[in-house]
Every structure is written in structure tokens, then in C-alpha cells.
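One structure below.
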Amino acid sequence: MSQQKYYITTPIYYPSGKWHLGTCYTTVICDALARFKRMQGYDVFYLTGTDEHGQKIDDVAKSVGVPVKEYIDKVVKELRELWGLLDISYDKFIRTTDDYHEKAVQKIFEKLYAQGDIYKDEYEGYYCKPCESFWTKSQLVDGKCPDCGREVSLMKEESYFFRLSKYQDRLIKLIEENPEFLQPKSRQNEMLNNFLRPGLQDISVSRTSFDWGVKVPFDPKHVVYVWIDALTNYITALGYGSDDTTLFEKYWPADLHMMGKEIVRFHSIIWPAILMALDIPLPKKVYGHGWLLLSGDKISKSKGNAVDPVILSERYGVDAVRYYLLREIPFGQDGSYSNRAFISRINSDLANDFGNLVSRSTAMCSQYFGGIVPERGEIEEVDKSLIDVCNGAYEKVAKAMDSLLVPEALEEIWKIIIRANKYIDETTPWLLAKDESKRARLQSVIYNLIEAIRMANVLVSPFLTKSYVEVFKKIGVTDEYLEGFGSLEFGTMRSGAKVEKGEALFKRIDIEKDVKELEAIAEKAEAEKNKKAEKKEDEKAENTVTFEEITIDDFAKINLRVGKVASAEKVEKADKLLKLGVDLGEGRIRTVVSGIAKWYAPDEMVGKEIILVANLKPCKLRGIMSEGMILCASDEDGNLAIVSPSKPMKAGSEVR
RNA sequence: CGCGGGAUGGAGCAGUCGGUAGCUCGUCGGGCUCAUAACCCGAAGGUCGUGAGGUUCAAGUCCCACUCCCGCAACCA
């Protein structure tokens, strides 16, 4: 029987900033799946990597003042260290700047061009630089980027297009007829209703506006855009387009592309279309998981309450982080992170249930039998239910894993642990120990306990990559066979192993104390981040001030007026905005929306004199037309004060 | 009428094709003392957001209306 293969991928990550828990979520899930499959005997290939081209990266690197490649190398190194820390067992880490990838991308591009799936045309649109996206005129909101609200600029560029529209019918058929292809199901409807059925447009697959990317071989002023550059990593990593396609032939098609829901569209529409064009088999499954949202515990003062996976791992151990991600987040749906939930999960499942079970069992084995696992004797009625749970677990766990229901898989494993804890109470070994005539029974009980722990631990090993080693050590398992799925038949372990009690597997955490400490850490990090950002801005400002002098004429363009606040109210559904009625002595009250709600209550604004930029182009904020801007001073500590004339002045007085 | 998600015992969630409302944590009571103030048993606690709405023999579950919350502003997985 030839070995079955299993090819699993994470998306390739974009190294523009710091790594966070969400990235870890995707990667840890894939890791657990990959490890589980390996233990099942599959020949697994687990791919992850980084998507390193594009203007944004170029910009970020420039803003830091470092050559792009150098900048990326640093960030990528951090990422690989993070994966090392989290025990991610990837088989390959692809970088889109890798030589073989770039060559293969060029080949693919040429091939598609040669066969007419890529053609050259012209592209006109409004470009938002920070978002790296083009918009049509109708998509703009008040002439600004619909995504971020920032300025856009009209750009016309010549571009190569991929004939996505040509594959529309095949794609619809693919999703309708293969419900397994795109999961969970809610995503199928989303794709069909929002994109496929309304009709696909050809997509632009090259850029001339920046050059940090793979050159189009026959037209080097063009750079290959993300769709073809990034998505193809899944095949180029296997050697597609190179001289050696052994891996590609062995592992393709992918068994699972795992990703967050926001990029499902690219993987379920554009990617299959590219593969169709290349006449390559399609991946078996594309799975869009939910997001990990940050919530609660008061740290979310504003927004930047990043949860740093490194800090958590260092404080509580890698397995704690892995376990939380795998266990707490309902798969396919959004989940939320909170320090409290995290710690509480660790305490109850890892410390109380699992760790303590190991402690009490090994302690008894040491105390009663000098640490040598005793012979197993007659099976009694009580033993049977423990044995049944142990023997039935593998099948249930495997089934859950096949359906990508990782939390459920862990739940099944924990049933063994919970049953074993109960078993101790039922059999009361400490009483048996007092009665010499019950010696044989005591032996059985202790054996059963250690065996149950062994079996649970075998199943736990793809998930808790550090702890399982510890547990095997504690219960004296050294035989590799006893660590594999093949040994999941109760009674497989023989007596005689040397058990050691040792230290607690997972320490209990004081929730109140640690939640406070974590908040403090987060606040400190946040403060530092802000400081840095401001410092950078200051520096920038200092540098640019001298260059960007303005003339008195420029200043004269700005019409500043004293205004009296006639009315003030909060803008609904906006925490920062106040809607003000301002009197400029014009015989009417202007409506001005200002982002000062955090610092000023509506009541205290009424009657205040303020300075207004009176000739600012009106702009819609939260659906309200704002006719002007109030001048405020702000400092690095986040204070904000409205500027007022030092003596009462008539409304409408000019300021200069 | 911007889009999407949600509203179930104190908290976080399950509840598939409509048929006696479950789980984890917490609380309270008990047990036990091998163990990491852990473990085991038991109990309390829900008119399943609102509408004395509709369909039905039967609705948390389907239909309608309404209210409220949350994300879309992020470290974009």
C-alpha cells in the first residue's frame, strides 16, 4: 500500500508590520492538522511563507530608511523565530523573493500570455496608495477611498489583464457542484451571490506604478501583481515551473488551503481560475476560518491592544498559547480573545484537569510502588467505562479532525482525562493502599491510570508539542511505538516503566493578579508605540518644515474666523465626533463636525468661542455635512485643547 | 433603506431535518485527602432580545415586524 499524501498550506503572510495572535491562529491550526496527519501515517507537506512584494512593503522600508530586502529579511527572520517558538512543523517556508519562485512566476506569466489568457490593455482608475487599491469613479465615497477615506489620485496605466471572466461559468459550477471545495458553506453563498453570479471582470495582473516585484519578462517596465505572484506560491513551492517537479507531482493538488475569511475570495475564485488556465488540478479544499477578535478586560481603551504571542508564550508556555487558540475559538466562526478567558482556560483544562491528573497519578505510583508501573490485574466493572472511553477516543478525535473541528477533537481527548480523574475517586487507591489484601487491585488501578494518561497523551501530542514530551518522560514511556496512534489499544503498555513525579506540568495562574499585569504590559507597550510613532512624526515634521516653507500668499488662502458655539450634540454611532452649530455672524448657523467628543462634553461646548477654518471645503463625516474645522492643540500625551481668543470677540472676527 | 455577525440561566457558548433547553466557567452545599486551594458528587439559576404577531398538533428552532449590540476605523489571518 503506497503512503497517502497530505498537502496543507497557510497563506503567505505580508511582512509589513508586527506579527500577532491572528497570524498564529491560522498557522497553529495548520500545524496541529499537519502533525495529526503525520501521526496517522500520511506523507505530509506543510507549507507556509511570506508574500514580500508590492508597493506597501517598499514604502514601509523606505519610511524606516532601510533597503527593502534588508527590511524584509529582518521581519521574516522574526516570523521564522516566532514559528520556531510556537513549534510550527512546516516542511517548507517559501518567500516570494526566492529565486526559484520568481523564475517560475515569470514562466507562468509568459505561458498565460502566450495562450491568450493574459492580454495587454489600459487601466484607468483612482489609486489609494495606503490601501494599494484601484477604484472606479463610482466606487469612491466623496471622491475618497471607500476603504480608508483617504485621498486618491487619478492614474492611468497600461496593464496586463487576466481573463478571469472566461472562467466564470466553470467557477460557478465548481462551487455549486463540489460543496466540499469551499468551506464553510456560508462562504459559498457569499462568493456566488456577491461575485460570481453578478459577473466577473478581468483582473489587472501587472503594475507599472512601482517596481518592487517580479518583472514581466517580455515587458520589464511591468511588475507582476499580487494575484499571480502570491497565489502561485502554492505550486512554485513544490517546484512547479522549475527543473525539478518531483514534489509537485507528488503533492499537488493541495488537500487544504487554510486562511482567514477575508481572503477567501482570492482563493476560491482567482486561484482556481489561474489553475484552470494552466490546466492543473484544483485544490481539494479551501477553508476560510473566522477571525480572532480582541475584546474586553478593559485594555481596549482605544484599539491598539495588541496581544503579543511572544509575551504570552514566555509567561505561560507555548502549549498554553497553542491550546487556547485551538480550543477556545469555535472553528469557522469568529472568536474573541481576552486575558481572562485565556488564563481561565489554562487553569481549568491544563493545570487542574490534565496536569493535576498526571501529578496525582505519578505521585501514587511513586508512593505505592516505588515508581515502577505495576502489573495489570483483573478488569472490574469500574475499569470498563474508563477503558471504553480510552479505546473509543481515537476514532472520535480523528473524525473531528477530518472535519476540521479542532476544538471538538480536544474535547474528545479531555473526556479521557476527566474520566480518569473520576476513576481515582471511584477506586480510592489511598484506601486500597492501607489494606494489604487489596494489593493486586491497587496495582490494577495504578496501571489503568498510567495507561489512560499515556493514551490521552498520545492523542494530545499533535496539539501540545512541549508537554507531551514531558508527560511521556514522567510516566516512563521511552518506546516510540507507545507514542504513536498504533498503540491506542488499552493495555498496550507493559508494566515496569519508571515513573517520576517531578514538577507540575502547568502551574496554576492567579487570574486577578495576572490579568492586571497583562493589562499593564499592554498599556506600556501601547504607550511606547505611540511615543515612537510620534517621535517619528516629529522628526519628519522637523525635517520637512524647512523644505516646505509657505509664502504669506499661501497662508492668506486660509480663512480663519472666530465662531461661537451655538449648539452641540453627540454624533450617533461615532465615539469621537461632536456635531456643533457654529455662529460666524453670517446670519446662519454652520454645522461643524469635530472629533473632540473624547475631550469635550456637548454641554461645555455651548457658548465657547473657537477658531474655525471657515473656507475649508465642506466634507461629509458620518453622513453629516461639516462646514469647517475647529482649531485644536494636541500633545504627545493625547491631550487636546480647543484654541480660543484670549478675550471675548465678536463672532466672525477674522484671525491672522 | 451601506455590508456582515449576533441577542439562550452571573459569564462564555451548544442547540443539526421544528417534538421534554444542554455544555464549560462561576456560585452554593456535600464528599475525598492521592494531587497543582486541585479532584469527585449534588443543587440553585433560563417565560431562549421584543411583538398576549404568523404558520403548526407542536417553535429557541420556520415566516413577518421591531429594538438593541458588535466588526467594517485593526497588528488586516
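Keep in mind that this is a model prediction, so the values were computed, not measured. The figures here come from the full heavy-atom set of this structure, side chains too, leaving out hydrogens, waters and symmetry mates. Numbered from 1 within each chain, the chains take letters A, B, ... in sequence-line order.
Of all nucleotides listed (B/U36, B/C25, B/A77), B/C25 comes nearest to the side chain of A/Ser344. In this structure, the nucleotide among B/U36, B/A77, B/C41 sitting nearest to the side chain of A/Arg508 is B/U36.
Between A/Arg340 atom CZ and B/G10 atom P there is a gap of 18 Å when expressed in whole angstrom units. Following rounding to the nearest Å, A/Leu357 (CG) and B/U36 (P) show an atom-to-atom distance of 13 Å. Rounded to a whole Å, the CG atom of A/Leu386 is 13 Å from the P atom of B/C40. When rounded to the nearest whole Å, the span between CD1 of A/Ile417 and P of B/C40 equals 12 Å. Rounded to a whole Å, the CG atom of A/Asn347 is 15 Å from the P atom of B/U36. Atom-to-atom, CG of A/Leu82 to P of B/C75 comes out at 17 Å; the value is rounded to the nearest Å.
Pair assignment for B/U24 gives B/A11, based on Watson-Crick or G-U wobble hydrogen-bonding distances that are each under 3.5 Å. Under the Watson-Crick or G-U wobble criterion, with both distances below 3.5 Å, B/A52 is left unpaired in every strand shown. For B/A58, there is no paired base (Watson-Crick or G-U wobble, both distances below 3.5 Å). Taking a pair to require two hydrogen-bonding distances under 3.5 Å in either a Watson-Crick or a G-U wobble arrangement, B/C72 pairs with B/G2. Base pairing of B/A38: no nucleotide in any strand meets the Watson-Crick or G-U wobble criterion (both distances under 3.5 Å).
Between A/Asn421 and B/A38 there is no side-chain polar atom (N or O) within less than 4.0 angstrom of OP1 or OP2. For the pair A/Lys422 and B/C39, the criterion of a side-chain N or O lying under 4.0 Å from OP1 or OP2 is not met.
Across all strands, A/Asp353 comes closer than 4.0 Å only to sugar-phosphate atoms, never to a base (heavy-atom distances). As judged by a 4.0 angstrom heavy-atom cut-off over every strand, A/Tyr13 is placed among residues touching the sugar-phosphate backbone only. Heavy atoms of A/Asn356 sit under 4.0 angstrom from at least one base atom. Contacts of A/Leu505 with the nucleic acid, taken as non-hydrogen atoms under 4.0 Å apart, include base atoms. Residue contacts shown for A/Pro429 are absent, as no nucleic acid heavy atom lies under 4.0 Å away.
For the pair A/Thr23 and A/Thr27, the tightest heavy-atom approach, listed with the atom from each and the gap, is O-OG1, 2.8 Å.
Between A/Trp212 and A/His53, the ring planes lie perpendicular to each other; the angle is over 60°, past the 30° to 60° tilted range.
Side-chain atoms of A/Tyr423 and A/Asn448 include a donor-acceptor pair closer than 3.5 Å. No side-chain donor-acceptor contact under 3.5 Å links A/Arg376 and A/Ser495.
Of the P atoms belonging to B/A59 and B/U20, the separation is 12 Å, rounded to the nearest Å. Nucleotides B/G46 and B/U55 are separated by 26 Å at their C1' atoms, to the nearest Å. Nucleotides B/U50 and B/C39 place their C1' atoms 44 Å apart, quoted to the nearest Å. For B/C17 and B/C34, the C1' atoms lie 49 Å apart once the distance is rounded to whole Å. Rounded to a whole angstrom, the distance from the P atom of B/A44 to that of B/A73 is 48 Å. B/A38 and B/A21 have their C1' atoms separated by 31 Å, with the value rounded to a whole Å. On the C1' atoms, B/U16 is 28 Å away from B/G10, given to the nearest whole Å. Rounded to the nearest Å, the gap between the C1' atom of B/G51 and that of B/G4 is 25 Å.
Looking at A/Lys396, its side chain never comes within 3.5 Å of a backbone N or O of A/Glu412 through a donor-acceptor pair.
A/Ile417 contributes atom CD1, which lies 8.5 Å from atom CG of A/Asp349 (distance to the nearest 0.5 angstrom).
Put simply, the side chain of A/Leu405 does not reach to within 4.5 Å of the side chain of A/Met401, judged on heavy atoms.
If you find the closest nucleotide of RNA chain B to A/Phe506 and to A/Glu411, the one lying nearer the 5' end belongs to A/Glu411.
Aromatic rings of A/Tyr46 and A/Tyr90 (six-membered ring for Trp) have centroids beyond the 6.0 Å cut-off, not under it.
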Identify the pairs formed between an N or O of the protein and an N or O of nucleotides 31-34 of chain B at a distance under 3.5 Å, and give each distance.
| from | atom 1 | to | atom 2 | distance (Å) |
| --- | --- | --- | --- | --- |
| B/G31 | N2 | A/Asp425 | OD2 | 3.0 |
| B/C34 | O2' | A/Arg360 | O | 3.4 |
| B/C34 | O2 | A/Arg360 | NE | 3.2 |
| B/C34 | N3 | A/Arg360 | NE | 3.4 |
| B/C34 | N3 | A/Arg360 | NH2 | 2.6 |
| B/C34 | N4 | A/Arg360 | NH2 | 3.1 |

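For the pair A/Arg454 and A/Phe472, the NZ or CZ position fails the cation-pi test of under 6.0 Å to the six-membered ring centre and within 45 degrees of the ring normal.
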